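When a ligand or atom number is given, it counts from 1 through the structure's own listing order. These numbers come from a predicted model, not from an experiment. Numbers for residues simply follow the sequence, beginning at 1.
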Amino acid sequence: MDDRSWMRLEAEPAEHALPADFAARDPLAGRDIGWVTQMRPFVRQFCPPGGRVLDPFAGLGSTLLAARLEGRKAVGCEIDAARAEQIGERFARLGLAPPTVFAASGDTLADGAMPPVDLCLTNVPYFGARWSGEAVPGHLYGSATYEAHLAGLRDVFHRVRDTLADGAFCIAMAQNLRLGERMLPLAFDLARILGSLFVLQEERVIVYDRPVSPAAPTDARSNRSHEYALIARKRRETVDLAATAALLETLRAEGHRFTVFGSFARWLQDPASVTPADADLQLAPDEDALDALLQSLARRGFSLRSWSDPVVLPLRLDLYHGRHYFRAERVDRTGALVRLDLCFG
Ligand SMILES: C[S@@+](CC[C@H](N)C(=O)[O-])C[C@H]1O[C@@H](n2cnc3c(N)ncnc32)[C@H](O)[C@@H]1O
């Protein structure tokens, strides 16, 4: 891999392409299955030799095959039992031992005996796919709404985070979607989800050839021959500690009541202790007091989120039952981040 921000995807070598009979019996004719060629450079670049690659949406195993061909261990999770089984068959045809594949939803991963993984590499299920296979609860091709789909993706990547070694990368590929006359920013929403769980590092745009037709005047539709590889990493966030401390002083002076705890509290006591990745504030679950603090942060330009959903003000605390904290973040013109977690559970 070089440092170009785009990669042209050339034809898949016949020996690694999805065999035609797999496509023929597949509910989506294998249209959502990635290319082995697409994944191999990412395996080489982001997984140490001999390391373990996880695909939480394993499909028909293209990522797992890429991992194995690059001398890495491969482990997958695929909710559709028929597809999960066919991965072993695909490997066997190439004379390879089957990878470990859990025929289960990706958000149940940590419940199994999953060893730590060195790279998560996947392409995510698209919302609105016309899946005619088995309808299993939790199958994201069955998501009734776009919002539920994003929540399901988040649940899976949340579990992925538990299984990833510290410092390991999580790379997810996605396109923005066209659904009827609407474009849905799936790739961009996914970036936001990954950014809430990991530290976003980079993007690569993958381009490939597709038949071309002239575009009619004012018709914005493209032939959708690109996708994004979103590259995130499991590591501690770097925050602007001085700006965070100054902000907490200002909020106290405004009359907001909270207790600072965790690593930021320890760092305030002892600047030689572990550098905090955010400031954790404990607050009483008082709707008015929380609302006043959130309004004050919003006025100062902070984004307010509950998991990856925006927090709506004035606050209705009952809408966030079971979520335990709000995240307030602001990035300044130099890229410096202030991040507060307001815990109310
Ligand atoms: C875009 S395809 C992945 C293709 C795969 N990376 C490959 O190249 O072979 C997405 C896959 O996610 C699976 N899927 C959907 N919801 C899931 C869930 N909750 N957990 C695990 N897999 C899921 C779908 O059945 C589908 O096979």
Side-chain angles (χ1 to χ4, degrees), residues 9 12 16-19 22-23 25-43 53-69 74-91 94 98-112 114 117 119-144 146 148-160 163 170-177 186-187 190 193 206 208 224 227-230:
L9 195 55
E12 182 89 312
H16 298 146
L18 186 70
F22 279 64
R25 62 186 129 124
D26 187 70
L28 281 177
R31 282 191 306 276
D32 60 334
I33 299 308
W35 285 13
V36 177
T37 326
Q38 175 178 351
M39 297 304 193
R40 289 182 77 163
F42 289 92
V43 172
V53 178
L54 164 70
D55 184 348
F57 300 112
L60 288 168
S62 300
T63 308
L64 304 185
L65 188 51
R68 184 66 70 74
L69 293 171
V75 54
C77 207
E78 167 54 52
I79 199 167
D80 183 65
R83 279 188 163 189
E85 200 180 309
Q86 285 174 74
I87 294 174
E89 192 184 334
R90 188 173 176 191
F91 272 58
L94 294 167
T100 305
V101 179
F102 297 92
S105 175
D107 61 357
T108 62
L109 277 174
D111 295 339
M114 173 67 81
V117 290
L119 170 66
C120 167
L121 181 61
T122 192
N123 27 33
V124 301
Y126 288 137
F127 175 58
R130 302 212 171 109
W131 175 255
S132 59
E134 197 185 344
V136 183
H139 198 310
L140 293 177
Y141 283 153
S143 305
Y146 183 56
H149 193 78
L150 295 180
L153 287 174
R154 189 183 192 285
D155 287 346
V156 171
F157 284 107
H158 193 264
R159 280 302 173 116
V160 165
T163 69
C170 175
I171 302 174
M173 307 206 180
Q175 265 192 342
N176 292 316
L177 289 184
L186 176 67
L190 178 64
I193 290 169
I206 296 170
Y208 36 89
R224 307 239 127 225
E227 65 189 275
Y228 297 92
L230 303 167

message = A quick test of your reading: do over 12 heavy atoms of other residues, nucleotides or ligands sit less than 6.0 Å from CD of E89?
response =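 More than 12 heavy atoms, drawn from other residues, nucleotides or ligands, come within 6.0 Å of this atom.
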
query = Are side-chain heavy atoms of I33 and F22 found at a separation under 4.5 Å?
reply = no

message = With heavy-atom distances below 4.5 Å as the criterion, would you say the side chains of F57 and T63 are in contact?
response =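 Of all side-chain heavy-atom pairs linking T63 with F57, none is under 4.5 Å.
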
So which of [options] gets nearest to [atom], if we judge by its closest heavy atom?
atom                    : options             : answer
atom 2 (S) of ligand 1  : D26, D32, L18       : D32
atom 17 (C) of ligand 1 : D155, I79, D80, T63 : I79
atom 19 (N) of ligand 1 : G59, S105, A82      : S105

message = Does anything in residues 125-135 form a side-chain hydrogen bond (donor to acceptor under 3.5 Å, both in side chains)? List the pairs, not counting sequence neighbours.
response = none

key: The single option from R31, R90, R83 passing salt bridge (charged side-chain N to carboxylate O under 4.0 Å, His left out) against D26   =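 Between D26 and the candidates, salt bridge (charged side-chain N to carboxylate O under 4.0 Å, His left out) is satisfied uniquely by R83.
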
ask   = In the protein, which heavy atom is nearest to atom 25 (O) of ligand 1, and how far is it?
value = E78 OE2, 2.6 Å

task = Specify the protein heavy atom at minimum distance from atom 10 (C) of ligand 1: its residue, its atom name, and the distance to 0.1 Å.
result =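 The closest heavy atom on the protein side is Y141 OH, 3.6 Å.
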
query = Going by distance only, is there an N or O of V156 that falls short of 3.5 Å from an N or O of ligand 1?
reply = no

task = Give a yes/no on ligand 1: does G133 have at least one heavy atom closer than 4.0 angstrom to it?
result =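 Distance cut 4.0 Å: G133 fails for ligand 1.
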
message = Heavy-atom distances under 4.0 Å decide this one: backbone, side chain, both or neither, for R83 against ligand 1?
response = side chain

key: Proximity to ligand 1 by part of D55, non-hydrogen separation under 4.0 Å   = side chain

query = How would you list, by chain and number, every residue that makes a salt bridge (charged side-chain N to carboxylate O under 4.0 Å, His left out) with D80, sequence neighbours excluded?
reply = none

